Each structure stands twice: as structure tokens, then as C-alpha cells.
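Given the structure is predicted, the values throughout are model-derived calculations rather than measurements.
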Amino acid sequence: MSINKLALIRYKTIDECLQNRRRKWTLEDIIEKVAATLYEYEGITSGVSKRTIQADIQLMRSDKLGYNAPIIVNERKYYAYSESSYSITKVPINNNDIDKMKEIVGVLKQFNGFSYFDEMSDMIAKLENNLYKSTQQSRNCIQFESNTQLKGIHYINPLYQAILHKTPLLIEYKSFKAQKSQSGIYFPYLLKEYRNRWFLIVKPKKGTTLLNLALDRILEFQELTKETFIEYKGIDFDRYFEDLIGVTKSERDRAQKVILRIEKYHAPYILTKPIHPSQQVLKEDDEGITIRIDVVLNFELEREILGFGHFMKVLSPRNLANTIKNRLDSAVRQYQGKAPQ
């Protein structure tokens, strides 16, 4: 059974409602939410009928689309999933959809080589590999870095939609240092990935500075469609992270000239995979290379440098060199203690 665009929007919206267990969903609530989504995405002002949503729920419960959604009605009034982890987005796609996706990938492959598709080449390869692997027609031919145990990945699409449609969010968040979670209203501006971990760049309603919220520390969130969205003025988010390694940065931070000396053995790794796009080779001799990068000083930069151990030395700035030295001294002391019995 093929699914048209409007039906897919309805199914996905119903799914998002039933996943939100912080709220009890009546049929009228779901109808209202679906109608709002159809208006937001497609400009449909006629709403959606009760009969249509009831039919959608019955179809989602059935095997016709392969969902077999465990939708129950509590107290003869409130709709919910009986399995808290269930989502139709986790259901394997059917063969017809796979064939269509193969056709789409085939079209995308024709654009490989065009400059405006350069950044999509790895994504296209990943799509093609996953599609063929899912049909068991071939073995896995390419492996991308991934962490299947990483929490919060399922938030990416709804958070992307919130950014795209400028929707304020009520987010319950628990940082690594906090003993308990806190909830607050945030305005989302950007999703950013660093080392296979995702971050949401936001401004709190009760605050003036930008924050990075790790998706794996977000416990729950919900859209606040009646809350006024506040744009963040004075920052071009396409360029905000250009002078940065990682995601840790304040608006006051400015890039500094960092000079690094790398021993000969590790020099090829730095030359073929630069630490940062600003990297310049200042000197190259028989003992190694000296490079310059222009970046904000932050923890991610320190971790990158420490990852090379004694093969890399910070020549300047002095405060960064002292920080790295102190961290290495602390690491040495960890091994000078009494050995465990």
C-alpha cells in the first residue's frame, strides 16, 4: 500500500503525540495537533475530520503498513502507546518503499561530482549501502562512524523541524554535573554534530547567552506553538563555528594564533588530515613540522592536542602551553601512585 504525503504527515504527527507521555491525548487533542501540523507544513486550513484520524489510528494498528502500532485507549478516553519505546519511525520499511528509495539514491548519484553536492557524497554512499544491506542483496561495503548506544538521536528530526519552523521548546535537561534535571523554555537555532555527538544551540528565554545542549542529556521536550519565537540577532550561524574545534564557545571568544610543533613520525597525519581548516605549515624539516591554526581556546582543542601525547608540543600561546603541561603532569601523577593489589 502506497502512502501519500498528507497521510504520512498525519501518521507521523499521531506518532509524535503518542510518544509524548507527559501529556494525555484525547482524540480531539490529536485532531487539533494534526490539523495544526497540516496547516504549518502544507497550508491546509480545512483541518482534518474525526473519521480520518480514527481511520489513521486503525491503519497504524494494523499490519497493512507494517506498523502494528500498540495503540491503546486508557480510561476509554486517552490514547497512548502501550510500549513506551515504540515509534513508527523504528519500524522496518517495506519493499516498495525500498525500491523507491533506491530510485532516489540513483538520481542523487548522478549529481556526484557537482560542487554543490560535494558535502553529500558520503551521505549518498551511506544511503545506498544501507538500502542494499537492508534487502540482504549484498554485504556491508562501507562503515561510517556511529554509536548505536548514543542517546537522543531520535530527537534530531523533531528538533530540526522546530528550528526550521521557529518553534520555541520546553526542554527538560540534566547536565552531567547536575544532581537533578531542570526544565526551561528555549529558542532553538542550530543542530551541530561533533565526533558523532549532537548538540542543540539555543538561547534560554530567561537568559541572554547561547547554550549548547547535548542531545543525550535532553530527557524530554515539547513544542510551545503559542510562545513567541525570538530570533538571535548579530550572529551568522553558518560562520559562528568556523574558528572552533568542537562546540564550546561564547560570543566573546575570539580565535587566537596557535603554533604547534609535531614530530616527524606524526607529521603525515596532520598534513593529510588538518586539525582545522585554518591550518598552515610554517616550517618543515627533518625533525617534523610546525603549523599554525587560528582557533578559539577551549577544552576540545586541549583534548585534540593531548591526543597526540608527546608527539605534539604547543609553542604558543603561553597560557595554552601551560594548560597542556599541567594536564600532562597530572596524567603522569596518575601513574606514580601505589599500584593496586
Side-chain angles (χ1 to χ4, degrees), residues 15-16 19-23 84-85 87 89-90 119 122-123 126 144-224 227 229-232 235-253 255 275-277 295-307 323 327:
D15 180 64
E16 289 174 356
Q19 284 187 80
N20 182 3
R21 304 178 73 86
R22 295 182 63 180
R23 174 177 174 179
S84 59
S85 61
S87 170
T89 60
K90 300 177 183 179
E119 295 182 1
D122 59 341
M123 183 176 69
K126 187 175 183 179
F144 289 79
E145 183 178 346
S146 65
N147 184 351
T148 57
Q149 297 185 12
L150 188 64
K151 298 179 180 179
I153 293 297
H154 61 289
Y155 290 147
I156 290 178
N157 185 58
L159 289 175
Y160 169 79
Q161 295 298 330
I163 295 170
L164 185 65
H165 298 287
K166 299 181 180 180
T167 306
L169 301 171
L170 175 63
I171 299 176
E172 183 180 355
Y173 189 80
K174 185 177 185 298
S175 69
F176 286 117
K177 298 179 181 179
Q179 293 185 351
K180 62 180 182 179
S181 64
Q182 292 185 335
S183 295
I185 298 174
Y186 298 90
F187 306 114
Y189 302 116
L190 183 71
L191 277 166
K192 181 170 176 60
E193 182 188 20
Y194 177 65
R195 290 192 170 180
N196 202 40
R197 193 177 182 214
W198 285 88
F199 299 85
L200 179 67
I201 313 304
V202 301
K203 186 186 84 68
K205 182 178 180 180
K206 296 181 179 180
T208 58
T209 59
L210 293 173
L211 300 177
N212 302 325
L213 303 183
L215 264 61
D216 56 314
R217 306 305 299 170
I218 293 177
L219 302 183
E220 285 185 303
F221 72 91
Q222 64 184 71
E223 298 179 352
L224 301 177
E227 180 80 28
F229 186 87
I230 299 177
E231 297 277 8
Y232 203 82
I235 285 183
D236 180 359
F237 284 101
D238 287 337
R239 304 181 59 184
Y240 184 65
F241 292 98
E242 285 184 351
D243 58 359
L244 193 68
I245 292 176
V247 296
T248 306
K249 176 184 180 180
S250 74
E251 299 167 68
R252 297 184 298 274
D253 289 330
I275 296 176
H276 187 264
V295 293
V296 169
L297 305 187
N298 62 7
F299 176 73
E300 290 95 323
L301 171 63
E302 295 173 18
R303 187 168 60 179
E304 184 74 23
I305 294 170
L306 290 168
T323 297
R327 292 194 184 281

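- The structure places CG of Leu213 at 11.5 Å from CZ of Phe221, a figure rounded to the nearest 0.5 Å.
- Contact detail for Lys203 and Thr209: the closest heavy-atom pair is CG-O, 3.9 Å.
- Remark: Lys249 qualifies as a cation-pi partner of Tyr240 under the 6.0 Å distance and 45° angle criteria applied to the six-membered ring.
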* To do: Applying side chain to side chain contact (heavy atoms under 4.5 Å, CB included), run through Leu169 and Leu159 and close with a yes or a no.
  => CA-CA 9 Å; Leu169 301 171; Leu159 289 175; 3.6 Å; yes

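- The salt bridge (Lys or Arg N to Asp or Glu O under 4.0 Å) contacts involving residues 163-192 comprise Lys166-Glu231, where partners must be two or more places apart or lie in separate chains.
- Contact detail for Leu219 and Tyr155: the closest heavy-atom pair is O-OH, 2.7 Å.
- Ion pair Arg195/Glu300 not flagged as a salt bridge, since none of the NZ, NE, NH1 or NH2 atoms sits closer than 4.0 Å to an Asp/Glu carboxylate oxygen.
- Within a 6.0 Å radius of CD in Glu227, more than 12 heavy atoms belonging to other residues, nucleotides or ligands are found.
- By the salt bridge (charged side-chain N to carboxylate O under 4.0 Å, His left out) test, Asp15 pairs with no residue at all, sequence neighbours left out.
- Heavy atoms of other residues, nucleotides or ligands lying less than 6.0 angstrom from CZ of Arg23 number more than 12.
- Smallest separation of non-hydrogen atoms from Phe237 and Leu210: CE2-CD1, 3.9 Å.
- What you find for Leu244 and Val296 is that their closest heavy atoms are CD1-CB, 3.7 Å.
- The CD1 atom of Ile171 sits 12.0 Å away from the CD atom of Glu220 when rounded to the nearest 0.5 Å.
- In this structure, CG in Asp216 is found 5.0 Å from CZ in Phe176, a value given to the nearest 0.5 Å.
- Without hydrogens or angle criteria, Tyr232 side chain to Val202 main chain gives no donor-acceptor distance under 3.5 Å.
- In terms of the salt bridge (charged side-chain N to carboxylate O under 4.0 Å, His left out) criterion, residue partners of Arg327 (sequence neighbours excluded) are, by chain and number, Glu302.
- Counting only distance, with no hydrogens or angles, the side chain of Asn298 and the backbone of Ile245 share a donor-acceptor pair below 3.5 Å.
- Between atom NZ of residue Lys205 and atom CG of residue Leu170 there is a gap of 10.5 Å, rounded to the nearest 0.5 Å.
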* Asked: Yes or no on side chain to side chain contact (heavy atoms under 4.5 Å, CB included) for Thr248 and Asp253, after CA distance, side-chain angles and deciding distance?
  -> CA-CA 10 Å; Thr248 306; Asp253 289 330; over 6 Å; no

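- Between atom OG1 of residue Thr167 and atom CZ of residue Phe187 there is a gap of 11.5 Å, rounded to the nearest 0.5 Å.
- The two residues Pro168 and Pro188 come nearest to each other via the heavy atoms CA-CD, 4.3 Å.
- Of the inter-residue distances, the one linking Leu191 atom CG with Phe199 atom CZ reads 11.5 Å to the nearest 0.5 angstrom.
- Taking every heavy atom of both residues into account, Leu215 and Ile156 meet most closely at CD2-CG1, 3.7 Å.
- Side-chain atoms of Tyr173 come within 3.5 Å of backbone atoms of Ala214 as a donor-acceptor pair (strictly under, hydrogens ignored).
- Between Tyr186 and Leu211 the shortest side-chain heavy-atom distance falls below 4.5 Å.
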